[in-house]
Amino acid sequence: MEKKIFKTNAELHNWLSEQNSAIIFIPTMGALHPGHQYLIRKAKESIIKTKQLVIVSIFINPLQFGKDEDFTKYPKNINKDAELAFTAGADAIWAPDYFEVFPGGENSHFKINVPQVLQNQLCGETRKGHFDGVATVILRLIKIIQPKTLILGEKDWQQLIIIRKLFEELSIPIKIESYSTQRDPSGFAYSSRNSYLSDSERVNAQSLPNAIKEAKTAFYKEKRINLKKIASILKENSLKIEYLKIVDPFSLKEKENINGLCLLAAAVKCGSTRLIDHAFLMERKPIIAIDGPAGAGKSTVTKALAKRLGFIYLDTGAMYRAVTWLMICNSIDPSDQSEIKNILKDSTLEFKSSSFVEQRIFINNVDVTEKIRSPKVTSMVSEIAKQKFVRELLTQRQQVIGSNGGLVAEGRDIGTAVFPDADVKIFLTASPTERAKRRALDLNKRGYKFSSIEGLEQEIKERDKKDSEREIAPLKKAHDAIELITDGMNIEDVLQELIYIFKSKIPEEVWPTPNQ
Ligand code: CDP
């Protein structure tokens, strides 16, 4: 395809109207470097089946520069940019002028006020109004381009989370994908502003990524970050610190203790050039909690997600079902706590897996994988699952399995009780009718008889009620879980959505997710 560079909206739209393709959009201010090229390459790789076009914009947005900042001297070289963008796989470049983006001038358009809690942190502390300018222009750009996906770099992390929040609050149905900071062989993050550095400044500036990298390496040994040490290294190299902090990556609030995903972020002045860099800190691999009512399709998608990420798959429902099976075999009254305790205290319960999909569950060395799906077990499981001793025992075993992370667990109380600090929490649900239909298909496949779909719907509602009303760890959406209603979605749709949510919570720098 011929490489296209458009300067006006009219030219761009003319061309787009002939293409009939969804658009992946990468906004830039030009002065492209390998970091931008990486985003373009990733965009190209993400195109799976349908035809999509990768459009890169080059627009130096005056609204995001403070009055003493470098707007007038910001590097410009459209020919070089075009070459880099097309080499990386861009289908078109859109390089509009100010009035194409802001017809009638910026005051003829809505302006975004980024909430103070996000605006006044990190870069916003010194760059007043910067993020208002970024958010305002992004809305203009997407209005003109109308992309399906927007791609942003993780290097400007604060910008990324502000734009995510903006899209979420305005319910803008555009997916935002983000990719990790690219660095030269010395570890120095690519940035358009690096070209401002003189040779001697460049030598000093190297201490920024070096100190952050060293701190990150020390963190994995000592479990702490010595901010004072980083600060003194930066000062020794004549870098003036604007901020150097450990924050929660989503609220941007400063953190005292490093638990869960944290962001070590810094901005410095090297001469008159402002540089930013960061590292994510995480003690263990990610944990994903998927909760939801009966028959929401959790097992299938949880398994598929675990396989895609190379994580352990933990079906906690199977554990409650296995215990229930044991109680039925021993004719134990579900309300007899002491008998349940007696039988369980010396029991073994283990998963053995030859592959992610073929996981088998054993109780007291009996393979009960199929047996636990019987209608008899299903009808009794909620009664057993509400017993205190059963819950304590199984919760503790689940926590041991997940202690190093790298796990996708499904159940009713994963995000609330078992792993309240899970990095990704999803509440997967569907209408009772849809769930009854899915359950009927599943029972048919397993060769079990059932009265009617209406009967199954009734049974599902009763089980949901019991699970939601029990005293200990009831079924409920965690306050920080994302609800996904899966009516009308097929398995692949749900899986894609889960991967999207995972990527929005876990930066690529922490855990790269395969595209396919
Ligand atoms: O029937 P479905 O596959 O949706 O459920 P399951 O995941 O096999 O779980 C069966 C039952 O175990 C639930 O109805 C709950 O009573 C109980 N359970 C629980 O109490 N806590 C969990 N974390 C998982 C399951």
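All heavy atoms count here, side chains included; hydrogens, waters and symmetry mates do not. All ligand and atom numbering here is 1-based and tracks the order in the structure.
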Residue-level breakdown please: for [X] versus ligand 1, do any non-hydrogen atoms fall below 4.0 Å on the side chain, on the backbone, on both, or on neither?
X	result
Met380	neither
Arg391	side chain
Arg373	side chain

- Message: So for ligand 1, is Asp315 a polar contact partner (N or O within less than 3.5 Å, distance only)?
- Response: no
- Message: Any nitrogen or oxygen of Glu410 lying under 3.5 Å from a nitrogen or oxygen in ligand 1? Just yes or no.
- Response: no
- Taking atom types as modelled and ignoring hydrogens, do the side chains of Thr429 and Glu483 form a donor-acceptor contact shorter than 3.5 angstrom? no
- Message: Between Glu125 and Gln121, do the side chains contain a donor N or O and an acceptor N or O under 3.5 Å apart?
- Response: no
Please write down residue, atom name and distance for the protein heavy atom closest to [atom].
atom	result
atom 5 (O) of ligand 1	Arg412 NH2, 3.1 Å
atom 4 (O) of ligand 1	Gly295 N, 3.0 Å
atom 12 (O) of ligand 1	Val381 CG2, 3.5 Å
atom 10 (C) of ligand 1	Arg463 NH1, 3.5 Å
atom 25 (C) of ligand 1	Gly317 CA, 3.5 Å
atom 24 (C) of ligand 1	Thr316 OG1, 3.3 Å
atom 3 (O) of ligand 1	Arg439 NH2, 3.3 Å
atom 8 (O) of ligand 1	Arg321 NE, 2.6 Å

- Task: Tell me whether the guanidinium CZ or amine NZ of Lys285 lies under 6.0 angstrom from the six-membered ring centre of Phe311 and within 45° of its axis.
- Result: no
- Would you kindly check if the NZ (Lys) or CZ (Arg) of Lys307 is within the cone defined by 45 degrees around the ring axis of Tyr313 and under 6.0 Å from the six-membered ring centre? no
Taking all non-hydrogen atoms of both residues into account, name the closest pair between [X] and [Y] and its distance.
X	Y	answer
Ala267	Ile276	CB-CG2, 3.7 Å
Gly89	Val54	O-CB, 4.4 Å
Ile287	Gly402	CD1-O, 3.6 Å
Thr316	Glu410	OG1-O, 2.6 Å

- Message: For Met319, state whether at least one heavy atom is located under 4.0 Å from any atom of ligand 1.
- Response: no
- Query: Are Arg373 and Asp315 ion-paired here, with the side-chain N under 4.0 Å from a carboxylate O?
  - Reply: yes
- Message: Any carboxylate oxygen within less than 4.0 angstrom of a Lys/Arg side-chain nitrogen, looking at Asp423 and Lys505?
- Response: no
With atoms numbered from 1 as shown, which atoms in ligand 1 lie under 4.0 angstrom from a non-hydrogen atom of [X]?
X	result
Ala385	16 (O), 17 (C), 20 (O)
Ala294	4 (O)
Arg470	19 (C), 20 (O), 21 (N)
Asp467	13 (C), 14 (O), 15 (C), 16 (O)
Asp413	21 (N), 22 (C), 23 (N)

- So how far is it from Asp336 CG to Gln387 CD, rounded to the nearest 0.5 Å? 9.0 Å
- Could you walk me through whether Arg391 and Tyr320 pass the side-chain hydrogen bond (donor to acceptor under 3.5 Å, both in side chains) test, one step at a time? CA-CA 9 Å; Arg391 293 219 77 80; Tyr320 287 96; 3.1 Å; yes
